[in-house]
K.L.:
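Here's a structure for you.
The figures here come from the full heavy-atom set of this structure, side chains too, leaving out hydrogens, waters and symmetry mates.
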Amino acid sequence: MKYCFECGTKLIEKPLKNEGNIPYCEKCGEYRFPIFSTAVSMIVKNPDQTKILLIQQYGKGQNVLVAGYINKGENAEHAVEREVFEETGLKLCSLRFNKSEYFPNTNTLMLNYSCIAESEDLSALNTEEVDKAEWFTLEDARKNIKPDSLAERFLLSHLKAISEQR
């Protein structure tokens, strides 16, 4: 952040006790901590955990994970359940946090979860938000996810973690 979000004045770096150098607005007399969006990304598995759901959106034709922004006042776990249901019509029976990564393209902190759907039924797919949804075996999901993407990094990290547990 280079400019104050309140008044537009160029920020300077100023030491703050126990925090280090923090952007500071001399006009407002306030420290300006970074502001960013927060979103969730989900590795949705079928009930027997042998398949992963990948979706395509916005006419891009590339497979990604289900994802969405966390609403103000909402916790991440609720956002996971809400976004999966809104986009796919699937209800979840469990979810677990995997990892997080900052995504600079959209100034978003992404929180990745793995979750298990109650069924594989995609008949309630929200076609206004999702162009296509398909269940892939774990290996096929690895081969079919958008290359060099945050979704791929999350998926590969998760697949590595579950293979190490065996």
Side-chain angles (χ1 to χ4, degrees), residues 1 5 18-19 22 31-60 62-166:
M1 181 168 36
F5 56 80
N18 299 323
E19 296 287 342
I22 303 296
Y31 287 94
R32 298 299 185 202
F33 287 86
I35 295 175
F36 53 87
S37 299
T38 310
V40 289
S41 165
M42 289 70 75
I43 297 166
V44 180
K45 297 184 215 173
N46 67 337
D48 63 7
Q49 301 182 55
T50 58
K51 296 177 188 171
I52 293 174
L53 182 68
L54 299 180
I55 65 169
Q56 294 179 8
Q57 291 180 295
Y58 316 119
K60 294 185 178 176
Q62 295 179 307
N63 293 311
V64 295
L65 301 173
V66 176
Y69 286 96
I70 298 174
N71 293 327
K72 184 176 180 178
E74 182 179 43
N75 67 45
E77 293 77 13
H78 182 263
V80 167
E81 292 177 347
R82 178 184 53 75
E83 283 291 341
V84 169
F85 185 75
E86 280 179 9
E87 293 187 9
T88 68
L90 295 170
K91 291 188 178 183
L92 302 177
C93 54
S94 73
L95 61 95
R96 191 175 137 242
F97 177 76
N98 290 326
K99 65 181 290 186
S100 62
E101 186 174 327
Y102 176 73
F103 188 60
N105 299 19
T106 58
N107 189 34
T108 303
L109 176 63
M110 296 294 295
L111 309 175
N112 181 253
Y113 287 80
S114 60
C115 39
I116 301 171
E118 291 180 354
S119 77
E120 290 184 36
D121 180 14
L122 297 173
S123 62
L125 187 70
N126 181 347
T127 55
E128 290 181 17
E129 286 198 45
V130 178
D131 301 332
K132 181 181 176 185
E134 186 177 345
W135 292 101
F136 290 87
T137 65
L138 299 158
E139 192 54 40
D140 285 342
R142 177 191 312 264
K143 294 175 188 172
N144 285 283
I145 194 129
K146 180 181 177 183
D148 303 317
S149 66
L150 181 56
E152 181 188 49
R153 289 193 299 278
F154 282 146
L155 179 63
L156 295 179
S157 174
H158 177 70
L159 293 175
K160 180 181 179 196
I162 60 175
S163 72
E164 289 172 354
Q165 291 174 356
R166 292 181 189 161

K.L.:
Would a distance-only check, ignoring hydrogens and angles, find a side-chain to backbone donor-acceptor pair under 3.5 Å from Glu81 to Leu92?
P.N.:
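No.
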K.L.:
Run Thr38 and Thr108 through side chain to side chain contact (heavy atoms under 4.5 Å, CB included) and show every step you take.
P.N.:
CA-CA 5 Å; Thr38 310; Thr108 303; 5.7 Å; no
K.L.:
Just wondering, do Ile55 and Val64 contact through their side chains at under 4.5 Å, heavy atoms?
P.N.:
yes
K.L.:
Given side chain to side chain contact (heavy atoms under 4.5 Å, CB included), test Glu101 with Asn112 step by step and report yes or no.
P.N.:
CA-CA 8 Å; Glu101 186 174 327; Asn112 181 253; over 6 Å; no
K.L.:
Is there a side-chain contact between Glu87 and Met42 (heavy atoms, below 4.5 Å)?
P.N.:
no
K.L.:
Restricting to non-hydrogen atoms, name the atom on Ala133 and the atom on Leu125 that form the minimum distance, rounded to 0.1 Å.
P.N.:
CB-CD1, 3.7 Å
K.L.:
Could you tell me which non-hydrogen atom of Val44 sits nearest to which non-hydrogen atom of Ala117, and how far apart they are?
P.N.:
CG1-CB, 4.1 Å
K.L.:
Check step by step if side chain to side chain contact (heavy atoms under 4.5 Å, CB included) holds for Ile162 and Gln49.
P.N.:
CA-CA 11 Å; Ile162 60 175; Gln49 301 182 55; over 6 Å; no
K.L.:
Looking at Glu83 and Ala67, what are the two nearest heavy atoms and their distance?
P.N.:
OE1-O, 3.6 Å
K.L.:
Decide if atom CD of Glu19 counts as having more than 12 heavy atoms of other residues, nucleotides or ligands within a radius under 6.0 Å.
P.N.:
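More than 12 heavy atoms, drawn from other residues, nucleotides or ligands, come within 6.0 Å of this atom.
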K.L.:
Specify the closest pair of heavy atoms between Lys45 and Ser114, including all atoms of both residues, with the distance to one decimal.
P.N.:
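Taking Lys45 first and Ser114 second, the nearest heavy atoms are CE-CB, 4.3 Å.
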K.L.:
Are Val84 and Leu53 close enough that some pair of their side-chain heavy atoms sits under 4.5 Å apart?
P.N.:
no
K.L.:
If every non-hydrogen atom of Leu111 is compared with every non-hydrogen atom of Ser100, which pair is closest and at what distance?
P.N.:
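Smallest heavy-atom distance, with atoms named: CD2-CB, 3.7 Å.
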K.L.:
Salt bridge (Lys or Arg N to Asp or Glu O under 4.0 Å) with Lys146: which residues, sequence neighbours excluded?
P.N.:
none
K.L.:
Show, in sequence, the C-alpha distance, side-chain angles and deciding distance for Lys51 and Leu138, and conclude whether the side chain to side chain contact (heavy atoms under 4.5 Å, CB included) test is met.
P.N.:
CA-CA 6 Å; Lys51 296 177 188 171; Leu138 299 158; over 6 Å; no
K.L.:
Quick one: does Arg32's side chain get under 4.5 Å of Ile22's, heavy atoms only?
P.N.:
no
K.L.:
Quick check: do Asn107 and Ser37 have side-chain heavy atoms less than 4.5 Å from each other?
P.N.:
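No. Closest side-chain heavy atoms not under 4.5 Å.
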K.L.:
Can you check whether Leu90's main-chain N or O pairs, donor with acceptor, with Asp121's side chain at less than 3.5 Å?
P.N.:
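Looks like no, no N/O pair under 3.5 Å.
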K.L.:
With a 4.5 Å limit on heavy-atom distance, are the side chains of Ile145 and Ile52 in contact?
P.N.:
no
K.L.:
Please enumerate all residues that pass salt bridge (Lys or Arg N to Asp or Glu O under 4.0 Å) together with Glu118, with sequence neighbours excluded.
P.N.:
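Here no residue qualifies.
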K.L.:
I'd like to check Phe154 versus Asn98 (side-chain heavy atoms, cut-off strictly below 4.5 Å). Are they in contact?
P.N.:
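A side-chain contact under 4.5 Å is absent here.
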K.L.:
Can you see which heavy atom on Pro47 is nearest to which on Ile116, and at what distance?
P.N.:
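For Pro47 versus Ile116, the nearest heavy atoms are CA-CG2, 3.8 Å.
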K.L.:
Which of these passes side chain to side chain contact (heavy atoms under 4.5 Å, CB included) with Trp135: Leu54, Thr50, Asp140, Asn46?
P.N.:
Asn46
